[in-house]
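All heavy atoms count here, side chains included; hydrogens, waters and symmetry mates do not. Quick caveat: nothing in here was measured; it's all calculated off a predicted structure.
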Amino acid sequence: MMTPEQLTAYKARERACRKEVPECELQPCGVLEGTHLSWFLLVPGIAVVRGALDAETQRQLITRALTRYPYEYVSNLSKDYRLVHNLWDLHVSKSEERVWQRPQHQRETFLRHAPPCHLHGDGGTGGDGESADGTSTHACCRGGTDHHSVAGLDDGRAVGSSDGAEQVAGCGSRSSDAAALASRDAEAQGRGGPHDAAAHADNTRPSHSPDNQHPHTARTAGAPAKTTAAATPKTKCVAGHKLLPKLRSLNMGYRFNWFSRTYDEEDFAPLPAHLDTLFRQLCALTRPIHGYGTMRPEAVVANYYKHNDRMMGHVDDSEECDTPLLSLSLGADCLFLCGPEAKCARLTTGDLLIMYGPARRYRHSVPRILPLSQPANSMLDGIEAAGVADYIRAAGMRININARQVKLDTRQGGEDGDEVGEEEEAG
Ligand SMILES: O=C(O)CCC(=O)C(=O)O
Ligand SMILES: [Fe+2]
């Protein structure tokens with residue numbers, strides 16, 4: 001828990017990050033055993049492994065995050081729109097086909113009882129972000145290199161590095177602050193979205209313009225809703241190709257119920273096997289840091305930030321267990337604030353951030369997305385899927401994919417959860 005003074009100072013630092021790029025406060029801690037990966041501590045319990053993912057793995061995750069996950073899983077758009085086509089396909093075809101919003105009663109129902117994923121035809125979209133310039137050149141600690149990072153994401157098989165080194169990954173959660181709670185409630189009622197960019201300073205999810213809801217979204221601040229559920233006409237619709245930019249976040253595995261503020265046992269969409277494998281490997285790889293050899297990545301959230309988006313302060317405290325939260329950065333750099341002292345780290349593409357121990361429940365936020373770095377641009381150059389690199393560049397996009405174990409070990413009766421989905425196809 002933070003004192004009121006600490007909270008005030010935290011929020012002031014979030015605001016300051018919009019204007020300047022503070023020094024990265026990561027402290028070097030050494031090299032991960034069996035790898036050439038350098039790791040750092042922001043505060044005890046908040047670690048960053050630089051370059052934990054190799055470039056090809058980053059490219060695969062980015063491609064899937066744009067072309068597959070939004071179609072296969074519930075996103076912030078799911079509450080508002082019923083999609084019968086893949087968002088990416090609508091985007092590249094510049095489809096003018098109109099996508100209709102759900103009627104109000106369906107949106108409310110959807111929030112409480114989201115359909116199981118693999119919704120062919122049930123995707124979602126969210127609100128628009130704002131923009132702001134994140135210009136800054138901040139020197140920060142750098143670590144590992146590609147060839148020692150986690151490599152390969154072939155579906156159904158473990159990710160391992162080409163030289164024997166391996167890596168790990170992480171995830172996020174919900175806030176416990178009263179402010180965050182209030183904002184979540186607001187979002188649950190159809191206001192505010194995960195990423196409300198310029199939105200209010202107080203909450204959680206990346207803020208873009210407030211819109212739709214998604215589990216992680218709810219922590220967003222009480223940004224003024226541009227479109228409240230109640231005000232949305234039943235007939236509102238949007239051209240298909242305009243939906244992808246509204247994507248803010250999506251949820252794989254257990255979905256968070258923003259009304260009960262718990263994970264619903266029955267609301268589970270199996271993860272893609274490659275993500276399950278990746279996060280398990282990352283957890284094992286970073287055991288020397290956090291002490292946990294295994295974790296089940298039961299709730300995975302992908303957050304999509306455009307250059308002016310941000311995620312306000314929140315605490316991820318809805319999970320039952322204390323296993324590490326693993327969080328991957330892809331694309332543009334960002335500033336990450338954390339803890340009672342609002343320490344600041346600059347995260348770069350391929351980095352793995354880990355929250356563990358008591359710090360697992362520290363307040364944290366992403367107050368600013370920075371311009372794409374040269375290494376990020378080089379990494380994007382290798383993306384094969386047409387249009388993906390251009391899309392990331394045009395939006396100045398950062399994608400965060402985080403994973404957390406939700407249930408206590410006893411809940412699923414085994415060391416490893418086995419509810420991993422089949423991968424239909426690669427790529
Ligand atoms: O984007 C990030 O790095 C943080 C995401 C986060 O805190 C969350 O999803 O809970
Ligand atoms: Fe979080």
Side-chain angles (χ1 to χ4, degrees), residues 58-102 117-131 153 193-195 197 206-214 216-217 226-227 236-252 272 301-309 330-332 349 369 372 376-377 379-401 424-427:
Q58 294 174 48
R59 289 191 277 266
Q60 290 177 23
L61 286 175
I62 288 171
T63 301
R64 289 170 183 179
L66 284 181
T67 66
R68 290 178 54 178
Y69 304 158
Y71 189 43
E72 296 169 355
Y73 293 93
V74 171
S75 74
N76 62 297
L77 300 178
S78 305
K79 175 175 70 71
D80 291 324
Y81 300 99
R82 295 189 63 85
L83 299 179
V84 292
H85 297 294
N86 187 318
L87 279 181
W88 182 254
D89 293 342
L90 293 172
H91 170 74
V92 296
S93 68
K94 298 203 170 2
S95 171
E96 286 294 340
E97 183 179 336
R98 311 298 281 174
V99 179
W100 294 80
Q101 282 197 337
R102 296 173 186 279
C117 284
H118 285 302
L119 331 155
H120 256 242
D122 239 330
T125 332
D128 284 306
E130 316 172 8
S131 42
L153 266 189
H195 315 256
S207 12
H208 313 290
S209 23
D211 256 296
N212 308 321
Q213 158 72 10
H214 116 297
H216 274 268
T217 307
K226 287 181 182 168
T227 306
K236 188 169 179 181
C237 57
V238 62
H241 73 272
K242 293 187 175 163
L243 285 175
L244 189 61
K246 296 175 182 292
L247 179 66
R248 297 291 172 256
S249 57
L250 59 81
N251 196 179
M252 302 176 251
V301 173
N303 294 305
Y304 301 78
Y305 302 80
K306 289 186 285 193
H307 72 287
N308 200 34
D309 292 337
L330 301 162
T349 191
I369 302 299
L372 277 165
N377 265 308
M379 177 273 295
L380 292 172
D381 282 341
I383 290 185
E384 287 178 12
V388 169
D390 289 345
Y391 188 84
I392 298 286
R393 288 192 177 105
M397 182 169 273
R398 171 179 183 261
I399 298 175
N400 164 255
I401 302 179
E424 325 80 51
E425 62 195 69

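Of all non-hydrogen atoms in Glu96 and Ala239, the two that sit nearest each other are OE1-CB, 3.6 Å. Considering every non-hydrogen atom in both Ala332 and Leu372, the closest pair reads N-CD2, 3.4 Å. In terms of heavy-atom proximity, Thr349 sits nearest to Gly331 at OG1-N, 2.9 Å. Residues Leu247 and Ala65 share a closest heavy-atom pair of CD2-O, 4.5 Å.
A donor-acceptor pair is defined here as one N or O able to donate and one able to accept, closer than 3.5 Å; such a pair exists between the side chain of Asn76 and the backbone of Lys246. Side-chain atoms of His241 come within 3.5 Å of backbone N or O of Ser95 as a donor-acceptor pair.
Distance check: Ser93 OG to Asn86 CG gives 10.0 Å after rounding to the nearest 0.5 Å. We find the NZ-NZ distance between Lys94 and Lys242 to be 12.0 Å, quoted to the nearest 0.5 Å. Distance check, rounded to the nearest 0.5 Å: CD1 of Ile62 to OG1 of Thr67 gives 11.5 Å. The OH atom of Tyr73 lies 9.5 Å from the CG atom of Leu250; values are rounded to the nearest 0.5 Å. Taking OG from Ser75 and CG from Leu244, the interatomic distance works out to 10.0 Å, rounded to the nearest 0.5 Å. With values rounded to the nearest 0.5 angstrom, Met379 atom CE is found 6.5 Å from Leu330 atom CG.
Side chains of Lys306 and Pro245 form a contact here, defined as non-hydrogen atoms less than 4.5 Å apart. The side-chain heavy atoms of Val238 and Tyr81, taken from C-beta on, include a pair separated by under 4.5 Å. Two residues are said to be in side-chain contact when any heavy atoms from C-beta on lie closer than 4.5 Å; Ile383 and Thr63 meet this criterion. Here the side chains of Leu66 and Tyr304 are in contact, with some heavy-atom distance below 4.5 Å. The closest side-chain heavy-atom distance from Leu61 to Tyr69 is below 4.5 Å. The closest side-chain heavy-atom distance from Pro272 to Met252 is below 4.5 Å.
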Just distance, no hydrogens or angles: give the donor-acceptor pairs under 3.5 Å from side chains in residues 390-398, sequence neighbours left out.
residue: Arg393; atom: NE; partner: Asn377; partner atom: OD1; Å: 2.6
residue: Arg393; atom: NH2; partner: Asn377; partner atom: O; Å: 3.0
residue: Arg393; atom: NH2; partner: Asp381; partner atom: OD1; Å: 2.6
residue: Arg398; atom: NH2; partner: Ser329; partner atom: OG; Å: 2.8

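Aromatic ring orientation, His91 versus Trp88: tilted (interplanar angle from 30° to 60°).
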